[in-house]
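One structure below.
So you know, we letter chains A, B, ... as the sequences are listed, proteins then strands, and number each from 1. The basis for the numbers below is simple: all heavy atoms, side chains too, and nothing from hydrogens, waters or symmetry mates.
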There are 2 protein chains.
Amino acid sequence: MKKIGKRPRGRPRALDREEALETALQLFWRHGYEGASVADLTAAMGVTPPSLYTAFGSKERLYQEALDRYGASYGSFTARALAEEPTARQAVERILQESVAVYSEGPAPRGCMLASGAVTCAPEHTKVAADLSRRRLAAISAIKARFDRAVIEGELAPSTDTEALAAFYAAVVQGLSIQARDGVDRDVLETIAATALIAWPRPPA
Amino acid sequence: MKKIGKRPRGRPRALDREEALETALQLFWRHGYEGASVADLTAAMGVTPPSLYTAFGSKERLYQEALDRYGASYGSFTARALAEEPTARQAVERILQESVAVYSEGPAPRGCMLASGAVTCAPEHTKVAADLSRRRLAAISAIKARFDRAVIEGELAPSTDTEALAAFYAAVVQGLSIQARDGVDRDVLETIAATALIAWPRPPA
DNA sequence: TCTTTTTCATAGCGATCAATATAAAAATGT
DNA sequence: ACATTTTTATATTGATCGCTATGAAAAAGA
């Protein structure tokens, strides 16, 4: 059941946009923004540069689309855990577990695409780095919002520093990302996650 | 009191090697290996490319020397804390505190040079990334060694998973590095450090 | 002074970077 | 069949990449 409906006039594209975007995601995830060249991307997609530029506009916009796709697929477990788990504590537990699973998957683990994308970069790419930074901070804010809800619901004490607590678990996840790429064994990563949960605040009263 | 002693035959170098290395360290620290070009480096040093290559051999060797210098200066607090503090717990406490101080210093924080140097990179620079990875893992091993000593000295229980505990605190430090670069407030970073200490194992018996 | 040695600055190497001008190819509309 | 529209592939753009060949400059040794 392919949606075609009134195909436009010109020559049909040979490039499957979704498939090409997934290919770009994989390359950017492994090599980062600067490390994946347009030549690498077009070669992996099996197309020539003009097709890429017609479909995505620029390397920078392609990267942003790849980040969006990551957030909606491999990286969606954070938002889902925050939305679905009944308690903030269980949400954090699931985020830590799934982080380990996703980041350390496969023979050459890739960590988190947001954490390893472009923390340092050339001065001409500061816009890309700033966008990544904004996405990382947004993830912390999302966790904080869940913790704030937990305060209202009585799961966490009103005195809880929800911003710092969210930043703490985000820091652990970011560290898991780096160490997963460094090849640290999965059982060690799992113990890191378990250790982080020891710091969870005592329930109020 | 400059040490001259039998100056060799040729034209004296106009390049102060120590000063140039410090300049390279600063640039590599901020922009990473790929983000700091040879043109950037020579311009900041005030020399031309041949002088840089005569003094350091290649960009890659210059980077390694800059990493060594970092480990002996800005990044030396880890080794010193592990060697100087009377207990493993106090060593970790100091490492966390000094990490926050160093990583978040200045108007544009630079985080940790090892953690932000080249976690992702182009395929042709895997050697540099592997070297950085090795240095990060060595830092974990150093912490683990101090924890093993603490087990022998009775500070930590013999059942302690020292490898995972070391990896946990390394992960927090790596997360601090990323968030410092993202502009997270210093007081939040300090609370992250304090939260990590809550997970410290209870003393044996 | 003159040779030797080393470093210096000028200029440019081939390779690769992201991005495009051009025109043929492949579809629809008439 | 023929014009219109869009995408395609070929080939190339200027800029920048890390690096170096060349020869002048600046020191010491003879």
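- Sorted by first and then second residue, the side-chain hydrogen bond (donor to acceptor under 3.5 Å, both in side chains) pairs involving residues 162-182 of chain B (not counting sequence neighbours) are A:S133-B:D182, A:R136-B:D182, A:Q174-B:Q179, A:Q179-B:Q174, B:D148-B:T162.
- Between the P atom of D:dT8 and the CZ atom of A:R17 lies a distance of 12 Å, rounded to the nearest Å.
- An angle of 10°, rounded to 10°, separates the two end axes of the helix from C:dT1-D:dA30 to C:dT30-D:dA1, each defined over five pairs.
- The nearest whole Å value for the distance from the CZ atom in A:R9 to the C1' atom in D:dT6 is 10 Å.
- Ion pairing between A:R149 and A:E153 holds under the 4.0 Å rule for side-chain N and carboxylate O.
- Relative orientation of the B:Y33 and B:H125 rings is perpendicular, given thresholds of 30° and 60° on the angle between their planes.
- Under the 6.0 Å cut-off for aromatic ring centres, B:Y63 and B:W29 do not qualify, their centroids lying 6.0 Å or more apart.
- The interatomic distance linking A:L15 (CG) with D:dT7 (P) rounds to 11 Å, in whole Å.
- The CD-P distance, from A:E34 to D:dT16, rounds to 15 Å in whole Å.
- A donor atom on one side chain and an acceptor atom on the other are not found under 3.5 Å apart for B:E65 and B:Y70.
- Here D:dC17 presents its C1' atom at 12 Å from NE2 of A:H125, a figure rounded to the nearest Å.
- Across the interface with DNA chain D, nearest-nucleotide mapping of B:R11 and B:Y33 shows B:Y33 to be the residue nearer the 5′ end.
- No hydrogens or angles considered: nothing links the side chains of B:Q26 and B:T23 as a donor-acceptor pair under 3.5 Å.
- Residues from residues 35-67 of chain A that place a heavy atom under 4.0 Å from any atom of DNA chain D, listed by number: A:T48, A:P50, A:S51, A:T54.
- For A:E18 and A:R69, the salt-bridge test passes: some basic side-chain N is under 4.0 Å from an acidic carboxylate O.
- Expressed to the nearest 0.5 Å, how far CG of A:L137 lies from CD1 of B:I178 amounts to 11.0 Å.
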